[in-house]
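To find a chain, count down the sequence lines: A is the first, B the second, and so on, and within it residues start at 1. In this text, all values refer to a predicted model and were calculated from it rather than measured experimentally.
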Amino acid sequence: MAETPETADQYFERYREIIPDYPAFLEALSQPLPLYFRLNTLKVRDPSPVMEGLSRQGFRVEPVPQVPWFFRVEPREFSLGNTEEYYLGLIYPMTLSSSLPVYALEPRPGELILDLCAAPGSKTTQIAQHTEDQAVIVANDRRLDRITALVANLRRLGIACVVTTVYRGEQYPLEVSFDKVLVDAPCSGEGRYRRGYEGELLFQKEGRTNLSGIQKGLIVRAYDLLKPGGILVYSTCTINPEENEAVVDYLLRKRQAELLDWEAPLPSHPGLTEWAGRPFHPHLVKAKRFYAHEIEAVGFFVAKLRRVA
Amino acid sequence: MKGKNRKKLDPQATWPRLIPEEEREEILRYLENRFGIPPEIFNSYEFLATAKNYWLFVRTPHLRALEKLRIQTAGLLFLRKVSGYLKPTTAALQRFGVYARRGILDLDRYTLDRLRLEKKIPFTCSLEPGYVILRCEGKIWGCGLYLPEKLISYLP
(Lines give C-alpha, C1' and ligand atoms only; values in the text may rest on other atoms or scores of the structure.)
Protein backbone atom coordinates (compact mmCIF):
# COMPACT_ATOMS: atom_id res chain seq x y z
CA MET A 1 0.00 0.00 0.00
CA ALA A 2 1.31 3.44 -0.94
CA GLU A 3 2.38 5.68 1.92
CA THR A 4 0.39 8.87 2.50
CA PRO A 5 2.64 11.85 1.71
CA GLU A 6 3.81 13.70 4.77
CA THR A 7 2.04 17.04 5.21
CA ALA A 8 4.00 20.22 5.87
CA ASP A 9 2.69 20.33 9.44
CA GLN A 10 3.89 16.79 10.03
CA TYR A 11 7.21 17.51 8.37
CA PHE A 12 8.05 20.64 10.37
CA GLU A 13 6.96 19.01 13.65
CA ARG A 14 10.58 17.77 13.98
CA TYR A 15 11.64 21.41 14.45
CA ARG A 16 8.95 22.33 17.02
CA GLU A 17 11.55 22.61 19.79
CA ILE A 18 13.92 24.90 17.90
CA ILE A 19 11.53 27.21 16.03
CA PRO A 20 10.47 30.13 18.25
CA ASP A 21 6.70 30.71 18.48
CA TYR A 22 5.97 27.56 16.50
CA PRO A 23 2.22 28.26 16.01
CA ALA A 24 3.10 31.62 14.40
CA PHE A 25 5.56 29.82 12.12
CA LEU A 26 2.86 27.39 10.95
CA GLU A 27 0.46 30.29 10.46
CA ALA A 28 2.99 32.13 8.27
CA LEU A 29 3.30 29.10 5.97
CA SER A 30 -0.18 29.83 4.63
CA GLN A 31 0.84 33.24 3.27
CA PRO A 32 2.72 33.65 -0.02
CA LEU A 33 6.30 34.86 0.43
CA PRO A 34 6.58 38.65 0.61
CA LEU A 35 8.10 40.25 -2.48
CA TYR A 36 11.19 42.46 -2.26
CA PHE A 37 13.69 44.09 -4.56
CA ARG A 38 17.08 45.71 -4.16
CA LEU A 39 17.68 49.08 -5.80
CA ASN A 40 20.74 48.93 -8.05
CA THR A 41 22.67 51.92 -6.74
CA LEU A 42 25.32 51.46 -9.42
CA LYS A 43 22.70 52.91 -11.80
CA VAL A 44 20.35 54.93 -9.63
CA ARG A 45 20.77 56.52 -6.21
CA ASP A 46 17.40 58.17 -5.84
CA PRO A 47 14.67 55.56 -5.39
CA SER A 48 11.85 58.02 -6.14
CA PRO A 49 11.63 57.54 -9.94
CA VAL A 50 11.72 53.75 -9.48
CA MET A 51 9.04 53.81 -6.79
CA GLU A 52 6.87 56.14 -8.88
CA GLY A 53 7.34 54.00 -11.99
CA LEU A 54 6.34 50.83 -10.15
CA SER A 55 3.37 52.63 -8.56
CA ARG A 56 2.13 53.58 -12.03
CA GLN A 57 2.21 49.87 -12.90
CA GLY A 58 0.03 49.01 -9.91
CA PHE A 59 2.64 48.12 -7.26
CA ARG A 60 2.73 49.48 -3.74
CA VAL A 61 6.37 50.00 -2.75
CA GLU A 62 7.74 50.61 0.76
CA PRO A 63 11.39 50.87 1.80
CA VAL A 64 12.62 48.33 4.38
CA PRO A 65 14.01 50.53 7.17
CA GLN A 66 16.44 47.91 8.59
CA VAL A 67 18.07 46.98 5.27
CA PRO A 68 19.30 49.85 3.09
CA TRP A 69 18.28 49.81 -0.59
CA PHE A 70 15.68 47.07 -0.07
CA PHE A 71 11.99 47.63 -0.80
CA ARG A 72 8.91 45.58 -0.09
CA VAL A 73 6.32 45.27 -2.83
CA GLU A 74 2.63 44.43 -2.93
CA PRO A 75 0.78 42.68 -4.42
CA ARG A 76 3.28 39.95 -3.83
CA GLU A 77 1.70 37.66 -6.43
CA PHE A 78 2.77 40.00 -9.29
CA SER A 79 6.07 39.58 -11.06
CA LEU A 80 8.62 42.38 -11.11
CA GLY A 81 10.38 40.67 -14.03
CA ASN A 82 8.05 42.24 -16.58
CA THR A 83 8.56 45.82 -15.45
CA GLU A 84 10.55 48.55 -17.18
CA GLU A 85 12.59 49.03 -14.01
CA TYR A 86 13.71 45.40 -14.20
CA TYR A 87 14.52 45.63 -17.90
CA LEU A 88 16.65 48.72 -17.34
CA GLY A 89 18.56 47.04 -14.50
CA LEU A 90 17.40 49.50 -11.85
CA ILE A 91 16.12 46.75 -9.56
CA TYR A 92 17.06 43.20 -8.59
CA PRO A 93 14.15 41.17 -7.16
CA MET A 94 15.40 39.03 -4.26
CA THR A 95 14.14 37.98 -0.88
CA LEU A 96 15.16 40.23 1.99
CA SER A 97 17.07 37.55 3.90
CA SER A 98 19.17 36.72 0.86
CA SER A 99 21.05 39.93 1.68
CA LEU A 100 22.23 38.55 5.03
CA PRO A 101 25.25 36.50 3.88
CA VAL A 102 26.67 39.62 2.22
CA TYR A 103 26.24 41.59 5.45
CA ALA A 104 28.24 38.87 7.19
CA LEU A 105 30.88 38.93 4.45
CA GLU A 106 31.45 42.72 4.76
CA PRO A 107 32.99 43.02 1.31
CA ARG A 108 35.38 45.92 0.68
CA PRO A 109 36.75 47.53 -2.49
CA GLY A 110 39.95 45.88 -3.72
CA GLU A 111 39.27 42.52 -2.07
CA LEU A 112 39.43 39.30 -4.05
CA ILE A 113 36.19 37.48 -3.33
CA LEU A 114 34.88 34.09 -4.47
CA ASP A 115 31.16 33.38 -4.63
CA LEU A 116 31.36 29.61 -4.92
CA CYS A 117 27.69 28.83 -5.72
CA ALA A 118 26.79 32.13 -7.32
CA ALA A 119 24.00 31.68 -9.88
CA PRO A 120 21.66 33.43 -10.52
CA GLY A 121 23.68 36.18 -8.86
CA SER A 122 21.69 37.91 -6.13
CA LYS A 123 24.64 37.90 -3.75
CA THR A 124 27.32 38.45 -6.39
CA THR A 125 25.52 41.57 -7.59
CA GLN A 126 24.93 42.72 -4.02
CA ILE A 127 28.67 42.38 -3.26
CA ALA A 128 29.42 44.39 -6.42
CA GLN A 129 26.99 47.06 -5.31
CA HIS A 130 28.37 47.20 -1.74
CA THR A 131 31.88 47.73 -3.08
CA GLU A 132 30.86 50.25 -5.78
CA ASP A 133 31.94 47.74 -8.44
CA GLN A 134 35.49 47.88 -7.04
CA ALA A 135 36.03 44.44 -5.47
CA VAL A 136 37.17 41.59 -7.70
CA ILE A 137 34.50 38.91 -7.57
CA VAL A 138 34.86 35.46 -9.03
CA ALA A 139 31.34 34.11 -9.45
CA ASN A 140 31.26 30.36 -9.90
CA ASP A 141 28.56 27.83 -10.54
CA ARG A 142 28.91 24.22 -11.55
CA ARG A 143 26.29 24.54 -14.29
CA LEU A 144 26.84 26.58 -17.44
CA ASP A 145 23.12 27.18 -17.99
CA ARG A 146 22.93 28.78 -14.55
CA ILE A 147 26.04 30.88 -15.29
CA THR A 148 24.26 32.12 -18.42
CA ALA A 149 21.47 33.46 -16.19
CA LEU A 150 24.07 35.03 -13.88
CA VAL A 151 25.86 36.74 -16.78
CA ALA A 152 22.53 38.12 -18.01
CA ASN A 153 21.96 39.64 -14.56
CA LEU A 154 25.48 41.12 -14.47
CA ARG A 155 24.87 42.71 -17.87
CA ARG A 156 21.44 43.98 -16.86
CA LEU A 157 22.85 45.60 -13.71
CA GLY A 158 25.93 46.95 -15.51
CA ILE A 159 28.52 45.24 -13.31
CA ALA A 160 32.15 45.20 -14.45
CA CYS A 161 34.02 43.65 -11.50
CA VAL A 162 33.00 40.01 -11.94
CA VAL A 163 34.74 37.04 -13.53
CA THR A 164 32.57 33.96 -14.08
CA THR A 165 33.81 30.37 -13.88
CA VAL A 166 32.23 26.94 -14.18
CA TYR A 167 33.80 24.43 -11.80
CA ARG A 168 32.45 21.87 -9.39
CA GLY A 169 32.67 23.80 -6.13
CA GLU A 170 34.20 20.90 -4.20
CA GLN A 171 37.01 20.71 -6.76
CA TYR A 172 37.59 24.42 -7.33
CA PRO A 173 41.25 24.90 -8.39
CA LEU A 174 43.52 25.92 -5.55
CA GLU A 175 45.84 28.07 -7.68
CA VAL A 176 44.20 31.31 -6.52
CA SER A 177 43.71 32.30 -2.87
CA PHE A 178 40.92 34.66 -1.86
CA ASP A 179 40.39 37.29 0.82
CA LYS A 180 36.81 36.13 1.27
CA VAL A 181 34.70 33.19 0.10
CA LEU A 182 30.93 32.96 0.18
CA VAL A 183 29.28 29.54 0.14
CA ASP A 184 25.55 29.99 -0.31
CA ALA A 185 25.15 26.25 -0.48
CA PRO A 186 22.58 24.23 -2.41
CA CYS A 187 20.11 23.11 0.23
CA SER A 188 16.70 21.58 0.85
CA GLY A 189 15.11 25.05 0.87
CA GLU A 190 12.90 24.52 3.91
CA GLY A 191 13.08 28.23 4.74
CA ARG A 192 11.43 29.00 1.42
CA TYR A 193 8.45 26.71 1.94
CA ARG A 194 4.89 28.11 1.84
CA ARG A 195 1.75 25.98 1.57
CA GLY A 196 0.54 25.78 -2.02
CA TYR A 197 3.22 28.11 -3.40
CA GLU A 198 6.62 27.81 -4.99
CA GLY A 199 8.95 25.47 -3.13
CA GLU A 200 6.16 23.31 -1.78
CA LEU A 201 7.83 20.02 -2.43
CA LEU A 202 11.42 21.14 -2.55
CA PHE A 203 12.34 19.76 0.82
CA GLN A 204 10.85 16.37 -0.11
CA LYS A 205 12.29 16.33 -3.64
CA GLU A 206 15.81 17.04 -2.41
CA GLY A 207 15.44 14.49 0.35
CA ARG A 208 17.11 11.73 -1.62
CA THR A 209 20.24 13.77 -2.39
CA ASN A 210 23.11 13.71 0.06
CA LEU A 211 22.96 17.47 0.50
CA SER A 212 24.89 17.41 3.75
CA GLY A 213 27.74 15.55 2.05
CA ILE A 214 27.84 18.08 -0.80
CA GLN A 215 27.75 20.98 1.66
CA LYS A 216 30.64 19.54 3.67
CA GLY A 217 32.70 19.20 0.50
CA LEU A 218 31.94 22.80 -0.42
CA ILE A 219 32.75 24.32 2.97
CA VAL A 220 36.10 22.51 3.27
CA ARG A 221 37.15 23.54 -0.24
CA ALA A 222 36.01 27.11 0.47
CA TYR A 223 38.25 27.17 3.57
CA ASP A 224 41.20 25.80 1.59
CA LEU A 225 40.73 28.59 -0.98
CA LEU A 226 41.17 31.31 1.65
CA LYS A 227 44.31 33.27 2.38
CA PRO A 228 45.40 32.93 6.04
CA GLY A 229 43.11 35.21 8.04
CA GLY A 230 40.55 35.16 5.22
CA ILE A 231 36.81 35.19 5.84
CA LEU A 232 34.37 32.42 4.95
CA VAL A 233 30.61 32.86 5.06
CA TYR A 234 28.45 29.76 4.88
CA SER A 235 24.70 30.15 4.35
CA THR A 236 21.62 28.17 3.44
CA CYS A 237 17.90 28.84 3.22
CA THR A 238 16.98 25.79 5.27
CA ILE A 239 16.11 25.05 8.88
CA ASN A 240 17.68 21.60 8.91
CA PRO A 241 20.60 21.47 11.42
CA GLU A 242 22.15 18.63 9.38
CA GLU A 243 22.70 21.15 6.55
CA ASN A 244 23.68 24.01 8.84
CA GLU A 245 25.37 23.54 12.22
CA ALA A 246 26.49 19.97 11.39
CA VAL A 247 28.26 21.24 8.26
CA VAL A 248 30.05 24.06 10.11
CA ASP A 249 30.88 21.66 12.95
CA TYR A 250 32.43 19.32 10.37
CA LEU A 251 34.69 22.13 9.14
CA LEU A 252 35.72 23.02 12.69
CA ARG A 253 36.80 19.44 13.23
CA LYS A 254 38.68 19.22 9.91
CA ARG A 255 40.37 22.63 9.75
CA GLN A 256 41.60 25.44 12.00
CA ALA A 257 38.64 27.77 11.58
CA GLU A 258 37.25 30.26 14.05
CA LEU A 259 33.59 31.24 14.24
CA LEU A 260 33.01 34.99 14.34
CA ASP A 261 30.11 37.08 15.54
CA TRP A 262 28.61 39.60 13.12
CA GLU A 263 25.96 42.25 13.18
CA ALA A 264 22.76 41.31 11.37
CA PRO A 265 20.15 43.86 10.31
CA LEU A 266 17.27 41.44 11.00
CA PRO A 267 16.23 39.56 14.18
CA SER A 268 18.01 36.24 14.62
CA HIS A 269 18.56 33.33 17.01
CA PRO A 270 21.89 31.71 17.93
CA GLY A 271 23.03 28.59 16.13
CA LEU A 272 22.36 25.25 17.83
CA THR A 273 24.98 23.51 19.94
CA GLU A 274 23.10 20.22 20.00
CA TRP A 275 20.73 18.39 17.68
CA ALA A 276 19.17 14.95 17.93
CA GLY A 277 21.38 14.12 20.89
CA ARG A 278 24.56 15.12 19.07
CA PRO A 279 26.66 17.99 20.47
CA PHE A 280 28.16 20.64 18.17
CA HIS A 281 31.10 22.98 18.82
CA PRO A 282 30.02 25.46 21.54
CA HIS A 283 31.05 28.42 19.35
CA LEU A 284 28.19 27.58 17.00
CA VAL A 285 26.09 29.96 19.08
CA LYS A 286 27.82 32.65 16.99
CA ALA A 287 26.07 31.39 13.86
CA LYS A 288 22.68 32.96 13.23
CA ARG A 289 19.29 31.45 12.45
CA PHE A 290 16.63 33.60 10.83
CA TYR A 291 13.07 32.33 10.87
CA ALA A 292 10.64 33.14 8.09
CA HIS A 293 7.77 34.26 10.33
CA GLU A 294 10.00 36.66 12.31
CA ILE A 295 11.69 38.36 9.37
CA GLU A 296 8.80 38.12 6.86
CA ALA A 297 11.09 36.57 4.27
CA VAL A 298 12.77 33.25 3.46
CA GLY A 299 14.26 31.52 6.53
CA PHE A 300 18.07 31.57 6.54
CA PHE A 301 21.16 30.27 8.34
CA VAL A 302 24.42 32.24 8.23
CA ALA A 303 27.79 31.42 9.80
CA LYS A 304 30.89 33.60 9.54
CA LEU A 305 34.33 32.02 9.98
CA ARG A 306 37.97 33.02 9.77
CA ARG A 307 40.81 30.88 8.53
CA VAL A 308 43.25 30.73 11.43
CA ALA A 309 46.22 29.01 9.82
CA MET B 1 18.15 20.76 -17.14
CA LYS B 2 19.56 17.27 -17.66
CA GLY B 3 21.58 15.20 -20.12
CA LYS B 4 21.81 16.31 -23.72
CA ASN B 5 19.86 19.55 -23.17
CA ARG B 6 22.57 20.80 -20.90
CA LYS B 7 24.97 23.35 -22.44
CA LYS B 8 28.51 22.22 -23.06
CA LEU B 9 31.55 24.07 -21.76
CA ASP B 10 33.48 26.10 -24.26
CA PRO B 11 36.95 24.54 -24.21
CA GLN B 12 38.27 27.54 -26.17
CA ALA B 13 37.20 30.05 -23.50
CA THR B 14 40.34 32.02 -22.70
CA TRP B 15 41.22 35.25 -20.97
CA PRO B 16 40.84 38.36 -23.10
CA ARG B 17 44.03 40.40 -23.54
CA LEU B 18 44.75 43.53 -21.57
CA ILE B 19 45.00 46.29 -24.16
CA PRO B 20 48.01 48.62 -24.44
CA GLU B 21 47.78 52.25 -23.33
CA GLU B 22 47.48 53.56 -26.90
CA GLU B 23 44.42 51.43 -27.60
CA ARG B 24 42.89 52.47 -24.27
CA GLU B 25 43.35 56.12 -25.14
CA GLU B 26 41.65 55.55 -28.48
CA ILE B 27 38.60 54.13 -26.69
CA LEU B 28 38.50 56.93 -24.13
CA ARG B 29 38.88 59.54 -26.89
CA TYR B 30 35.95 58.01 -28.77
CA LEU B 31 33.73 58.05 -25.65
CA GLU B 32 34.68 61.66 -24.96
CA ASN B 33 34.30 62.91 -28.53
CA ARG B 34 31.05 61.14 -29.31
CA PHE B 35 29.31 61.27 -25.93
CA GLY B 36 31.27 63.75 -23.82
CA ILE B 37 31.98 61.08 -21.19
CA PRO B 38 35.05 62.23 -19.20
CA PRO B 39 37.94 59.73 -19.45
CA GLU B 40 38.58 59.85 -15.68
CA ILE B 41 35.29 58.00 -15.12
CA PHE B 42 37.23 54.89 -16.15
CA ASN B 43 40.35 55.46 -14.03
CA SER B 44 39.62 52.43 -11.87
CA TYR B 45 38.88 50.15 -14.83
CA GLU B 46 40.85 48.27 -17.46
CA PHE B 47 39.73 47.45 -20.97
CA LEU B 48 40.20 43.85 -22.05
CA ALA B 49 39.88 42.75 -25.65
CA THR B 50 38.71 39.69 -27.54
CA ALA B 51 38.59 39.46 -31.35
CA LYS B 52 35.77 41.95 -31.89
CA ASN B 53 34.82 43.10 -28.42
CA TYR B 54 36.09 45.25 -25.60
CA TRP B 55 35.24 44.37 -22.01
CA LEU B 56 35.35 46.70 -19.04
CA PHE B 57 36.95 45.13 -15.97
CA VAL B 58 37.91 46.57 -12.60
CA ARG B 59 41.61 47.48 -12.36
CA THR B 60 43.28 45.01 -10.02
CA PRO B 61 46.73 43.71 -9.09
CA HIS B 62 45.12 40.24 -9.00
CA LEU B 63 44.71 40.04 -12.78
CA ARG B 64 47.77 37.85 -13.36
CA ALA B 65 46.68 35.42 -10.63
CA LEU B 66 43.15 35.24 -12.01
CA GLU B 67 44.47 34.20 -15.41
CA LYS B 68 45.10 30.76 -13.91
CA LEU B 69 41.34 30.21 -13.87
CA ARG B 70 39.36 28.87 -16.83
CA ILE B 71 36.81 31.62 -17.18
CA GLN B 72 33.54 32.12 -19.02
CA THR B 73 33.40 35.93 -18.90
CA ALA B 74 35.46 38.76 -17.44
CA GLY B 75 33.77 42.08 -16.78
CA LEU B 76 31.11 43.94 -18.74
CA LEU B 77 30.82 43.71 -22.53
CA PHE B 78 31.42 47.38 -23.29
CA LEU B 79 32.16 48.04 -26.96
CA ARG B 80 31.98 46.08 -30.18
CA LYS B 81 33.98 46.68 -33.32
CA VAL B 82 31.43 46.91 -36.14
CA SER B 83 32.66 47.56 -39.68
CA GLY B 84 35.66 49.43 -38.34
CA TYR B 85 33.60 51.58 -35.95
CA LEU B 86 33.26 51.33 -32.20
CA LYS B 87 29.73 50.62 -31.03
CA PRO B 88 28.89 50.92 -27.33
CA THR B 89 26.71 48.19 -25.89
CA THR B 90 23.36 48.96 -24.35
CA ALA B 91 24.71 47.60 -21.03
CA ALA B 92 27.60 50.08 -21.16
CA LEU B 93 25.34 53.04 -21.92
CA GLN B 94 22.75 52.09 -19.30
CA ARG B 95 25.53 52.15 -16.70
CA PHE B 96 27.79 55.01 -17.86
CA GLY B 97 25.46 57.02 -20.14
CA VAL B 98 24.57 59.13 -17.13
CA TYR B 99 27.98 60.85 -17.54
CA ALA B 100 27.32 61.69 -21.20
CA ARG B 101 26.88 65.30 -22.26
CA ARG B 102 26.17 64.79 -25.96
CA GLY B 103 25.10 62.17 -28.45
CA ILE B 104 21.90 61.75 -26.46
CA LEU B 105 18.56 61.34 -28.17
CA ASP B 106 15.54 62.15 -26.00
CA LEU B 107 12.54 60.23 -27.26
CA ASP B 108 8.93 60.53 -26.22
CA ARG B 109 7.24 57.36 -25.03
CA TYR B 110 5.36 56.85 -28.30
CA THR B 111 8.53 57.05 -30.41
CA LEU B 112 10.47 54.76 -28.06
CA ASP B 113 7.70 52.15 -28.12
CA ARG B 114 7.53 52.35 -31.90
CA LEU B 115 11.31 52.03 -32.22
CA ARG B 116 11.38 49.00 -29.92
CA LEU B 117 8.61 47.39 -31.93
CA GLU B 118 9.77 48.20 -35.46
CA LYS B 119 13.58 48.28 -34.79
CA LYS B 120 14.03 50.92 -37.55
CA ILE B 121 11.91 54.05 -37.97
CA PRO B 122 12.01 57.20 -40.12
CA PHE B 123 13.58 59.92 -37.99
CA THR B 124 15.25 63.30 -38.27
CA CYS B 125 17.20 65.20 -35.65
CA SER B 126 20.10 67.64 -35.32
CA LEU B 127 22.64 65.06 -34.05
CA GLU B 128 25.63 64.01 -36.12
CA PRO B 129 24.98 60.58 -37.64
CA GLY B 130 26.41 57.74 -35.56
CA TYR B 131 25.69 55.80 -32.41
CA VAL B 132 23.43 57.57 -29.93
CA ILE B 133 22.22 57.16 -26.38
CA LEU B 134 18.48 56.55 -26.33
CA ARG B 135 16.81 58.29 -23.40
CA CYS B 136 13.13 58.51 -22.49
CA GLU B 137 11.56 60.31 -19.54
CA GLY B 138 15.01 60.72 -17.95
CA LYS B 139 15.89 57.02 -18.13
CA ILE B 140 18.67 55.72 -20.36
CA TRP B 141 17.48 52.82 -22.47
CA GLY B 142 20.62 52.02 -24.44
CA CYS B 143 22.17 52.24 -27.87
CA GLY B 144 20.70 53.35 -31.19
CA LEU B 145 22.17 54.29 -34.55
CA TYR B 146 21.11 57.56 -36.10
CA LEU B 147 21.56 57.80 -39.86
CA PRO B 148 20.14 60.54 -42.08
CA GLU B 149 16.36 60.25 -41.84
CA LYS B 150 16.32 57.00 -39.90
CA LEU B 151 16.88 55.64 -36.42
CA ILE B 152 17.86 52.04 -35.72
CA SER B 153 17.42 50.32 -32.35
CA TYR B 154 20.05 48.15 -30.72
CA LEU B 155 17.95 47.61 -27.63
CA PRO B 156 17.74 43.93 -26.69
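With a 4.5 angstrom heavy-atom cutoff, B:P61 does not touch chain A via any of its atoms. Looking at B:I140, the atoms closer than 4.5 Å to chain A (heavy atoms on both sides) all sit in the backbone: N, CA, C or O. Looking at A:L42, the atoms closer than 4.5 Å to chain B (heavy atoms on both sides) sit in the backbone and in the side chain alike. Contact of B:L77 with chain A is not made at all, since no heavy-atom distance falls under 4.5 Å. Neither the backbone nor the side chain of A:V44 has a heavy atom closer than 4.5 Å to any heavy atom of chain B. Using a 4.5 Å cut-off between heavy atoms, A:A139 does not touch chain B at all. In this structure, the portions of A:L88 lying under 4.5 Å from any heavy atom of chain B include both its backbone and its side chain. Using a 4.5 Å cut-off between heavy atoms, A:V162 contacts chain B through its backbone alone, with no side-chain atom that close. For a residue to count as touching a neighbouring chain, one of its non-hydrogen atoms must lie under 4.5 Å from one of that chain's; by this rule A:R156 touches chain B with the backbone only. For B:F78, no part lies under 4.5 angstrom from a heavy atom of chain A.
Taking the side chain as every heavy atom from C-beta outward, B:L69 and A:V138 approach each other to under 4.5 Å. Residues B:W141 and A:E84 are in side-chain contact: their nearest non-hydrogen atoms beyond the backbone lie under 4.5 Å apart. B:V58 is not listed as a side-chain neighbour of A:D133, based on a closest heavy-atom distance of 4.5 Å or more.
Summarising the geometry of B:A65 relative to A:V176, their closest heavy-atom pair is O-CG2, 3.4 Å, with the distance given to 0.1 Å.
A distance of 9.0 Å separates CZ in B:R95 from NZ in A:K43, rounded to the nearest 0.5 Å. One distance of note links NZ of B:K139 with OH of A:Y87; it measures 13.0 Å at 0.5 Å rounding. In this structure, B:K68 NZ and A:L174 CG are separated by 11.5 Å, a value rounded to the nearest 0.5 Å. Here the CZ atom belonging to B:R59 is positioned 15.0 Å from the SG atom belonging to A:C161, to the nearest 0.5 angstrom. Within the model, atoms CD1 of B:I71 and OG1 of A:T164 stand 7.0 Å from one another, a figure rounded to the nearest 0.5 Å.
Remark: B:K119 NZ is packed, more than 12 non-hydrogen atoms of other residues, nucleotides or ligands lying under 6.0 Å away. No more than 12 heavy atoms of other residues, nucleotides or ligands shown are found within 6.0 angstrom of NZ on B:K150. Surrounding CD of B:E128 are at most 12 heavy atoms belonging to other residues, nucleotides or ligands under 6.0 Å away. Heavy atoms from other residues, nucleotides or ligands lying under 6.0 Å from CZ of B:R80 number 12 at most. Residue B:R109 places its CZ atom among more than 12 non-hydrogen atoms of other residues, nucleotides or ligands, all under 6.0 Å distant. The number of heavy atoms from other shown groups lying within 6.0 Å of OH (A:Y167) is above 12.
Each of B:T73, B:L66, B:L63 has some count of heavy-atom pairs under 4.5 Å with chain A, and the biggest count is that of B:T73. Interface remark: of the candidates A:Q134, A:R146, A:E175, A:R155, A:Q134 forms the most heavy-atom pairs closer than 4.5 Å to chain B.
The cationic group of B:R70 does not satisfy the cation-pi geometry with A:Y172, failing either the under 6.0 Å distance to the six-membered ring centre or the 45° limit from the ring axis.
In terms of modelled atom types and a separation under 3.5 Å, the side chain of B:T60 and the main chain of A:V136 share no donor-acceptor contact.
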*I would like to know whether B:Q72 and A:T165 meet side-chain hydrogen bond (donor to acceptor under 3.5 Å, both in side chains); could you show each step before the answer?*
CA-CA 5 Å; B:Q72 293 299 311; A:T165 60; over 6 Å; no

